[in-house]
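Report on the following structure.
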Protein chains: 2
Amino acid sequence: MTVRRRDPPRIEVGLNAVIVAVTDHRPRVLTLPGPDPADPGGGTADLLPYGPLDPGGDRTLDLTLRGWVRAQTRLDLGYVEQLYTFGDRGRLEGGAPDGEVRTLSVAYLALARESGSGSAARARWKEIYAYLPWEDGREGRPDFFDRVLVPRLERWIDAAPNRREREERRDRAAVGFGLYGSDWDGDRVLERYELLYGAGLVQEADRDRRRAGVSCEADPAPLPGRPMGADHRRMLATALGRIRGKIRYRPVVFELLPPRFTLLQLQRVVEALSGVELHKQNFRRLVERGGLVEGTGEVESRTGGRPAELFRFRREVLRERRAPGVGLPGIGSG
Amino acid sequence: MTVRRRDPPRIEVGLNAVIVAVTDHRPRVLTLPGPDPADPGGGTADLLPYGPLDPGGDRTLDLTLRGWVRAQTRLDLGYVEQLYTFGDRGRLEGGAPDGEVRTLSVAYLALARESGSGSAARARWKEIYAYLPWEDGREGRPDFFDRVLVPRLERWIDAAPNRREREERRDRAAVGFGLYGSDWDGDRVLERYELLYGAGLVQEADRDRRRAGVSCEADPAPLPGRPMGADHRRMLATALGRIRGKIRYRPVVFELLPPRFTLLQLQRVVEALSGVELHKQNFRRLVERGGLVEGTGEVESRTGGRPAELFRFRREVLRERRAPGVGLPGIGSG
DNA sequence: TCAAAAGTGTTATCCTTACACCCATGT
DNA sequence: ACATGGGTGTAAGGATAACACTTTTGA
């Protein structure tokens with residue numbers, strides 16, 4: 001292979017959507033199967049919906065996004081918020097790491113009520129925790145956490161080239177994963193994913209290093225957690241972290257629920273997203289006393305137990321309270 | 001002028017930096033004077049440092065940013081965080097609104113200790129509240145707030161085409177500016193700026209409408225608050241809002257202080273950024289009991305009063321607490 | 001009759017907020 | 001002496017977290 005002078009790479013700008021819904025107490029994300037743009041072997045992978053930015057198109061980026069999401073998936077998005085712009089060379093684009101294209105992805109978070117009518121042709125709702133299984137702590141940490149993940153992290157810590165670096169790795173692992181006396185912080189989803197990526201414990205890291213020509217032993221038994229194409233799992237982690245943070249001070253959960261719901265439904269959705277179980281009685285008091293919801297007279301009787309009153313979101317709370325959210329355990333003190 | 005078919009506009013990607021420092025209890029931002037890219041008349045305006053994205057350059061966007069900030073201003077940035085990607089057509093690029101270029105600006109927030117050595121040639125530190133004067137409530141709302149701003153907002157509310165729209169405007173104004181019984185929420189900086197833009201009360205709105213060919217009566221007496229070029233004042237608002245939010249759960253203030261500082265210095269910096277005055281005794285207890293700082297034995301005697309102990313940031317707090325920040329009044333309840 | 005879920009009530013604890021007050025230094 | 005800022009103590013109120021317990025339905 002000969003070395004030759006190249007034109008400077010051209011920039012390609014795309015929009016990605018992390019579309020989230022919650023069904024049956026399971027948070028889900030809309031994916032499309034497709035060729036992994038970051039895999040030179042051309043393997044197939046789960047991808048987030050993606051669309052190029054038409055520079056002559058809509059006035060704002062989120063109008064563009066809504067447009068092609070509707071076209072691709074027949075879904076009318078409600079809540080939409082910009083997440084982050086990803087532009088790391090070598091994690092997004094295909095071909096050689098110094099190829100002729102540099103990709104920039106402006107990622108958006110969208111919340112949807114999963115409906116039968118939506119999701120056209122190739123789109124599929126997949127469980128978010130299939131991609132990020134260490135994030136679901138509703139029944140305690142999953143068992144691979146202590147059995148596999150922590151030992152691997154410790155191997156990575158010990159493999160640091162010097163003491164300073166080793167201590168830094170230890171600190172990051174402690175804060176990120178709640179080890180060695182630190183508390184678990186549900187919001188640090190992205191930090192955890194990036195730590196695992198940096199430690200070479202997710203398949204995307206192997207893929208990118210192989211493509212960059214770095215030799216590395218194949219991972220004998222990869223960590224649980226399904227990979228995604230390009231940098232999309234990182235986007236998913238960003239989205240989940242953002243939701244978890246936001247749920248506490250903005251009433252975003254209601255975007256994921258039908259207009260009327262029981263308090264247990266509401267609680268289950270919050271639990272599903274935040275990845276922890278909540279205390280029932282206190283949760284109820286919090287949302288009712290916080291003025292977030294109000295009872296309609298109606299009751300839902302197919303609850304499996306005593307019929308439950310149906311509630312609705314109290315829109316007025318936006319005017320009354322500064323940061324209306326649901327409040328998870330351990331926010332005040334830290 | 002004849003109508004002709006055009007090539008689709010090309011996309012231009014740039015990076016912007018909102019570099020913030022606090023000196024003498026005044027938050028400042030680094031600006032450069034230059035031609036306003038959004039003003040066809042070619043007027044001069046204050047601009048944020050800007051650099052094109054070299055697609056073949058550094059591996060990550062923030063490395064690129066650090067690079068050209070160092071080159072342009074001789075400043076070595078410490079804390080850097082991506083803010084938002086701005087891409088609204090007609091607020092960033094020059095020429096006609098349907099011109100041949102679509103600009104995308106990835107804006108970053110950077111915190112710096114303002115040093116004499118930094119800021120080369122044309123760069124100037126300017127007071128943030130010169131651009132966003134309604135955000136400084138340390139001595140109560142400034143007097144133009146009730147005298148000018150609120151009446152203008154009310155005129156805009158009343159000018160709504162129908163009742164629904166009028167109520168929506170009223171609600172937005174209430175929540176954003178703390179009117180009609182709502183509380184002031186310091187974090188909503190961007191909401192406020194966008195509201196004023198939408199209501200035509202900032203000069204940038206006039207500029208963009210004129211360029212788009214919308215006739216509008218010239219504003220008789222513009223609102224206090226210096227305009228900026230392109231969409232840069234919006235970026236500044238985004239940055240200030242982000243800082244105000246972040247200060248509460250991440251120890252970012254310390255990036256703006258010297259390594260050792262008195263508690264009053266710390267308090268003044270927090271007050272400067274959040275735009276409110278804080279209760280001295282409680283502030284001290286909060287940061288000390290929160291484990292955010294630790295005393296060094298040393299004292300500073302040039303305080304104007306009794307000498308004060310010098311404190312330093314306690315890095316260990318990152319491991320101990322989940323959301324270590326300074327805590328402003330009225331967070332718990334809302 | 002029992003399981004499952006809906007609801008109610010109470011209490012201890014911690015955090016925030018708001019006071020009042022004393023200390024050390026320079027002018 | 002007094003102004004300025006540093007620093008301590010305490011008490012009221014509110015919110016959270018952890019209990020235990022009753023009620024109403026469907027199977």
Side-chain angles (χ1 to χ4, degrees), chain A residues 24-25 183 248-249 260-271 274 276-311 317 320-334, chain B residues 24-25 183 248-249 260-271 274 276-311 317 320-334:
Chain A
D24 294 334
H25 316 158
D183 285 333
R248 268 191 246 111
Y249 62 96
R260 347 214 115 186
F261 46 83
T262 68
L263 291 184
L264 190 62
Q265 279 180 312
L266 174 61
Q267 182 181 345
R268 292 293 182 232
V269 172
V270 173
E271 289 175 333
S274 57
V276 292
E277 283 194 333
L278 301 173
H279 188 84
K280 184 166 68 161
Q281 294 90 323
N282 291 338
F283 179 83
R284 299 171 100 90
R285 241 196 314 272
L286 237 74
V287 294
E288 281 197 81
R289 287 243 277 259
L292 272 169
V293 298
E294 63 189 351
T296 70
E298 312 160 57
V299 289
E300 165 69 63
S301 40
R302 293 161 310 174
T303 55
R306 168 174 168 178
E309 186 168 6
L310 285 168
F311 287 76
V317 78
E320 298 162 1
R321 284 179 52 193
R322 224 180 326 201
V326 289
L328 273 57
I331 302 307
S333 66
Chain B
D24 294 334
H25 316 158
D183 285 334
R248 270 191 245 110
Y249 62 96
R260 346 213 115 189
F261 46 83
T262 68
L263 290 184
L264 191 62
Q265 279 181 313
L266 174 60
Q267 182 181 346
R268 292 292 182 233
V269 172
V270 173
E271 289 174 334
S274 57
V276 292
E277 282 195 333
L278 301 172
H279 188 84
K280 183 167 68 161
Q281 295 90 323
N282 291 337
F283 179 83
R284 300 170 99 89
R285 242 197 311 274
L286 264 149
V287 295
E288 282 196 82
R289 287 243 277 261
L292 271 170
V293 298
E294 63 190 350
T296 69
E298 314 160 56
V299 289
E300 166 69 62
S301 40
R302 293 160 309 173
T303 55
R306 168 175 167 179
E309 186 168 5
L310 286 168
F311 287 76
V317 78
E320 298 162 1
R321 283 179 52 193
R322 221 178 330 197
V326 290
L328 272 61
I331 302 309
S333 65

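A, B, ... follow the sequence lines: proteins, then strands. Residue 1 opens every chain.
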Salt bridge (Lys or Arg N to Asp or Glu O under 4.0 Å) filter on Arg285(B), not counting sequence neighbours, yields none
Could you state the atom-to-atom distance from CG of Leu264(A) to P of dT24(D) in whole Å?
-> 19 Å
Gln281(B) side chain: which of dC21(C), dT17(C), dT16(C) is closest?
-> dC21(C)
Proximity to the side chain of Lys280(A) - top-ranked nucleotide from dG7(D), dA6(C), dG6(D) | dA6(C)
Output for pair (Gln265(B) CD, Phe311(B) CZ), nearest 0.5 Å, gives 11.5 Å
From the options dT10(D), dT16(D), dA24(C), select the nucleotide whose nearest atom is closest to the side chain of Arg285(B).
-> dT10(D)
Over how many whole Å does the gap from Glu288(B) atom CD to dG6(D) atom P extend?
-> 12 Å
How many Å lie between NE2 on His279(A) and P on dT13(C), as a whole number?
-> 17 Å
Regarding the side chain of Asn282(B), the nearest nucleotide among dT16(C), dT24(D), dA18(C) is dA18(C)
Could you give the distance from CG (Leu286(B)) to CG (Leu263(B)), rounded to the nearest 0.5 Å?
-> 11.5 Å
Would you kindly give the CD-to-P distance between Glu309(B) and dT25(C), to the nearest whole Å?
-> 13 Å
Could you give the CD-to-P distance, from Gln265(B) to dG7(D), as a whole number of Å?
-> 12 Å
Please report, rounded to the nearest Å, how far the P atom of dA18(C) is from the CD atom of Glu277(B).
-> 14 Å
Donor-acceptor under 3.5 Å (Gln267(B) side chain, Arg284(B) main chain) = no
Check whether any side-chain N or O of Arg306(A) sits under 4.0 Å from OP1 or OP2 of dT23(D), and answer yes or no.
-> no
Nearest-Å distance, CG (Leu263(A)) to C1' (dA6(C))?
-> 9 Å
Please state how far atom CZ in Arg289(A) lies from atom P in dG14(D), giving the value in whole angstrom units.
-> 11 Å
